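We name chains A, B, ... by the order of the sequence lines, and we start the count at 1 in each one. From a predicted model like this one, the values you see are computed outputs, not experimental measurements.
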Amino acid sequence: MRPDVSVTDKTRIDRYDPAAIEPRWQQRWAELGLHHTDLRDTSRPRYYLLTMYPYPSGDLHIGHWYIKTPTDAIARYRRMNGLNVFFPIGFDAFGLPAENAAIKHGIHPADWTMRNIENMRRQLRSMGATFDWAAEVVTCEPEYYRWNQWLFLKFLDAGLAYRAMAPVDWCPKDQVVLAREQVEGADRHCWRCGTPVIKRDLEQWFFRITKYADELLRFDGIDWPEPVRVMQTNWIGRSEGAEVAFTVAPDEHQPGGDELRVFTTRPDTLFGATFMVLAPEHPLVAKLTHPAQREAVERYQYEARRKSEIDRLSTEREKTGVPLGAHAINPVNGERIPIWIADYVLLGYGTGAIMAVPAHDERDYAFAVKFGLPIRQVIAPADPEVAARVAEEVARGAAGGAAFVAHSEDEVMVNSGPYSGRTASDGFAAIVADLQARGQGHPAVTYRIRDWLISRQRYWGTPIPVVYCERDGIVGVPEDQLPVMLPRDVDFKVTGESPLKANEAFLRTTCPRCGGPATRETDTMDTFVDSSWYWWRYLSPHKDDGPIDSGLEAAWCPVDQYTGGAEHAVMHLLYSRFFAKALADLGLVHEREPFRRLFNQGQILGADGERMSKSRGNVQDPDELVARYGADTVRLFLMFMGPWDQGGPWSSTGIGGVSRFLNRVWTAVLDPAGVEAGDPDAGLLPPGERVADGERTLLVAAHRTLKLVTAEYEGYRFNTMVAHLMELTNVLMRYRGTPVAGSAAWDGAVDLLLHMLAPSAPHISEELWSRLLEARGEPWRSIHTDPWPAWDEALVAEDTIELPVQVNGRLRDRVRVAAGLSPAEIETIVLGREKVRAVLGDRAPDRVIHVPGRLVNIVVR
RNA sequence: GCCGAGGUGGCGGAAUAGGUAGACGCGCUAGCUUCAGGAGCUAGUGCCCGCAAGGGCGUAUGGGUUCGACUCCCUUCCUCGGUACCA
């Protein structure tokens with residue numbers, strides 16, 4: 001038992017010194033292999049907990065801790081709940097910063113990366129996190145990227161990887177192409193360095209993510225945050241409509257007959273199409289242009305191209321365009337309408353051509369007004385009165401230029417020949433059906449999402465395993481010749497071409513098919529390829545006869561819980577879902593969704609409210625805080641700051657409160673009999689309370705706290721979880737030094753407190769627990785292998801309740817009543833209360849609203 | 001513009017099947033204790049009036065529903081994230 005001391009003596013117990021206890025327990029846990037997961041163990045339910053693996057930028061900042069600490073608490077909590085938890089970690093080790101460091105400081109990317117990884121391993125260990133280091137994956141190791149190459153070849157065989165010439169986004173600073181998803185903001189800047197991107201025509205490798213566009217829109221069976229699903233859905237951008245074929249009319253300069261296909265979501269407005277617009281780069285432009293317009297058209301094409309490179313910042317772009325001097329025939333009414341080119345029509349979307357319906361489309365309207373093109377209303381509100389008013393406005397405005405008619409519900413078609421009078425949705429179907437019957441159109445679906453551009457003109461990435469043979473063209477490197485090793489010796493220069501291009505030994509090779517001379521592909525893969533499948537590799541990081549162990553995959557996938565930032569909503573998370581579907585189709589995995597449940601924690605910003613980055617100088621170093629307060633305090637403070645999904649600017653204000661809390665826990669557990677000088681009530685129970693009452697109060701508080709804390713862990717509401725533990729500790733401290741402190745109730749409450757604290761502040765909990773066990777003469781066992789405690793329902797149940805009493809909705813009194821009383825009994829008590837009678841005066845209550853257990857509200861006139 | 005999230009004390013934040021607004025913590029004030037302490041303890045702390053008892057006001061804004069609204073509905077204004085002529 002604990003020493004029996006009844007006077008204050010500060011020297012009697014050790015001071016809480018995290019620096020002394022934390023490394024000791026970390027080492028002990030590692031020795032015991034407490035966090036190594038036996039993946040073959042099927043005796044307990046599995047729990048695959050994944051946190052987004054970090055980029056080894058060199059230093060862990062407080063943001064990493066904010067991401068990882070609560071996730072580690074979840075891992076520990078689930079283990080105490082009896083689950084076989086797999087909680088791996090690794091490094092997203094390829095990527096540009098390493099290469100930029102090489103250019104700037106002359107350090108080889110491999111050395112820079114491995115040195116950073118070493119430091120980050122140390123820092124991650126200092127958190128006391130329970131990562132299973134045996135499963136670690138480092139993506140720049142050949143044993144990892146070899147399988148990137150292997151998967152690439154499978155994709156190539158399956159038609160999921162292809163090479164194409166396309167206008168692509170190019171970052172002039174990083175000298176590299178970017179995937180569409182990696183271009184951000186109105187000014188279209190590089191996601192990594194912020195430089196505005198430009199367009200270049202290049203031949204590049206793509207992954208055919210669009211093949212899965214429809215499936216990616218379904219989120220069946222997965223529990224993901226709504227905002228991420230919305231972002232992905234918007235990014236994929238499915239629109240349903242029709243493709244309609246217009247025929248080019250004969251003119252004196254060309255015979256006509258060419259087909260111009262347009263995509264529209266509103267085929268019901270076809271009668272309102274008064275002109276057509278092609279993208280400036282549309283392939284038929286040159287052929288259709290009238291000689292008299294040739295100069296103007298070519299100048300416009302040149303300008304449009306230049307503009308797409310330079311002048312991207314103007315949001316409110318004035319409509320521009322040039323007529324080709326050619327015409328098309330509207331398939332529904334045979335009308336001849338002029339064909340224009342304009343840069344508001346994009347080649348890459350739909351068919352690169354539109355029918356313009358200026359009366360009902362704002363962009364077409366602006367264009368028509370600017371160039372004096374006809375505007376014809378073809379839909380109107382269903383209500384005749386409203387329709388008449390709109391018609392009048394249109395008639396009046398036609399001269400003034402205000403003829404735009406917005407869409408409305410239940411609108412009907414007008415000025416549309418045989419279709420006039422039908423509802424728009426009815427007409428939509430009818431027109432498409434009629435066009436289809438005549439072979440001039442059909443229903444169609446278009447997507448905004450493009451195929452994933454994976455080529456990168458840089459060194460520090462996975463070489464794309466392909467050679468170019470003079471005779472056989474593009475040839476994949478045979479599987480048995482993998483990996484295509486990244487050579488170590490290259491010159492790091494920013495040239496816009498991969499440094500591999502200058503490495504003759506790498507470049508020159510022979511064709512695996514004909515044995516003739518060939519050159520290697522010198523582009524490397526986007527590092528998002530690495531991160532699109534790493535969680536499968538964690539299961540068997542050293543497997544050398546395939547990327548994924550199918551037996552373990554079947555047992556452990558999909559990932560039960562994934563945690564990470566929402567900034568990857570349309571990059572990493574979309575690519576990963578694509579990989580799951582592609583790999584399932586290749587028979588490599590059995591699940592088509594990778595992550596069953598996703599949680600997006602918030603982001604910690606610098607104190608200035610900006611993203612933490614070295615260049616801004618606003619990074620908070622956790623090592624400093626750990627040295628001063630200990631890992632447990634830092635962990636708990638990050639969890640206590642606010643809701644985990646919220647994040648916010650960093651501020652260490654208040655960390656002292658958490659530190660104080662742990663010191664109080666320390667004091668309460670090790671020195672229950674002690675009292676503090678300066679406390680006038682030291683050693684005294686609250687007035688009128690007996691020891692037995694105090695014991696019960698304490699035990700009730702502990703069990704109620706356990707019930708609450710359990711729910712908070714389940715819901716990842718760590719800030720309120722910590723608050724409950726603080727409250728319980730405050731109750732303990734109130735009884736410290738009193739006879740209650742020596743009781744079994746006290747010991748029970750302390751045991752519960754330590755177990756509840758264990759997942760979040762693992763070191764202090766383990767330390768205090770070991771001391772308690774020793775004092776009780778029990779053999780040591782880790783608190784982290786103990787089961788999560790169960791609360792006693794009898795103690796949790798309330799025997800008396802406090803009811804607020806309102807009169808006309810305003811709080812006037814509170815009464816404490818026994819829990820079992822009938823509503824009538826309670827109302828009698830309430831109406832007899834002095835304060836209530838004073839407010840009521842001589843008025844009789846009109847109504848008494850009594851919500852059992854919640855409140856009583858007396859209504860009087 | 002459009003889509004999404006959110007506006008609560010001096011500060012971080014609690015509380016939403018509608019039911020005591022401000023838990024917990026920071027900060028601040030006063031007192032106690034200590035050789036000393038940017039240590040510990042006790043009490044107080046939304047704002048206004050008041051010695052007090054007590055009263056009034058209060059969850060971005062204005063309205064509505066209700067016995068009762070931080071919570072539900074509508075208006076407006078701000079902040080953050082996504083998206084940018086997607087036909």
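If you check every strand for non-hydrogen atoms under 4.0 Å, A:Asn663 touches nothing. At a threshold of 4.0 angstrom between heavy atoms, the contacts of A:Arg628 include nucleobase atoms, whether or not backbone atoms are also involved. At the heavy-atom level, A:Ser239 lies under 4.0 Å from the strands shown only through sugar-phosphate atoms. The residue A:Arg664 sits close only to the backbone: its heavy atoms come under 4.0 Å of sugar-phosphate atoms, none of a base. As judged by a 4.0 angstrom heavy-atom cut-off over every strand, A:Glu802 is placed among the base-contacting residues. Residue A:Val345 is in base contact, counting any heavy-atom pair closer than 4.0 Å across all strands shown. Across all strands shown, A:Arg812 has heavy atoms under 4.0 Å from sugar-phosphate atoms exclusively, and none from any base.
Side-chain proximity of A:Arg448 to B:G68, B:A87, B:U83: nearest is B:U83. Residue A:Lys835 places its side chain closer to B:G54 than to any other of B:G54, B:G4, B:A87. Here the side chain of A:Arg810 is nearest to one of B:G56, B:G68, B:A84, namely B:G56. Candidate nucleotides B:G40, B:C67, B:C3 were compared by shortest atom distance to the side chain of A:Asn234, and B:C3 ranks first. Closest to the side chain of A:Leu855, from the set B:G19, B:A84, B:G25, is B:G19. When the nucleotides B:A87, B:C26, B:C24 are ranked by their closest atom to the side chain of A:Glu727, B:C24 comes out on top. Of the candidates B:A87, B:C41, B:C3, B:C3 carries the atom nearest the A:Val230 side chain, counting heavy atoms from C-beta on. Picking from B:A87, B:A84, B:G25 the nucleotide with the shortest atom distance to the side chain of A:Met726 gives B:G25.
Checked by atom type and distance alone, the side chain of A:Arg448 never pairs as donor or acceptor with a backbone atom of A:Ser239 at under 3.5 Å. No side-chain donor-acceptor contact under 3.5 Å links A:Arg847 to the backbone of A:Pro845. Under the 3.5 Å distance criterion, the side-chain polar atoms of A:Asn857 are matched with a main-chain donor or acceptor of A:Gly809.
Comparing the C1' positions of B:C57 and B:U8 gives an interatomic distance of 15 Å, to the nearest angstrom. Nucleotides B:U75 and B:A21 place their C1' atoms 25 Å apart, quoted to the nearest Å.
Under the 90° criterion around 0 for the glycosidic angle, B:G9 counts as syn.
For the pair A:Arg635 and A:Trp65, the cation does not sit on the ring face, since its NZ or CZ is not both under 6.0 Å from the ring centre and inside 45° of the axis.
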Using a cut-off of under 3.5 Å, enumerate the N/O to N/O pairs linking the protein to nucleotides 7-17 of chain B.
residue, atom, partner, partner atom, Å
B:G12, O2', A:Met641, O, 2.6
B:G13, OP1, A:Gln646, NE2, 2.6
B:G13, O3', A:Asn719, ND2, 3.4
B:A14, OP1, A:Asn719, ND2, 2.9

Output one line per pair: protein atom, nucleotide atom from nucleotides 30-35 of chain B, and distance, for all N/O pairs under 3.5 Å.
none

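For B:A30, the paired base is B:U42 (Watson-Crick or G-U wobble, both distances below 3.5 Å).
Between the CD atom in A:Glu567 and the CH2 atom in A:Trp191 there is a gap of 9.5 Å [rounded to 0.5 Å].
Of the two residues near RNA chain B, A:Met733 and A:Ile354, the one whose nearest nucleotide lies more 5' is A:Met733.
When each of A:Ile655, A:Leu725, A:Leu662, A:Ile764 is tested with A:Leu636 by the rule side chain to side chain contact (heavy atoms under 4.5 Å, CB included), just one qualifies, namely A:Leu662.
Here the closest non-hydrogen pair linking A:Ala741 and A:Gly737 is CB-N, 3.9 Å. Among all heavy-atom pairs drawn from A:Tyr447 and A:Tyr349, the shortest one is O-CE1, 3.5 Å. Among all heavy-atom pairs drawn from A:Thr351 and A:Arg261, the shortest one is OG1-O, 2.6 Å.
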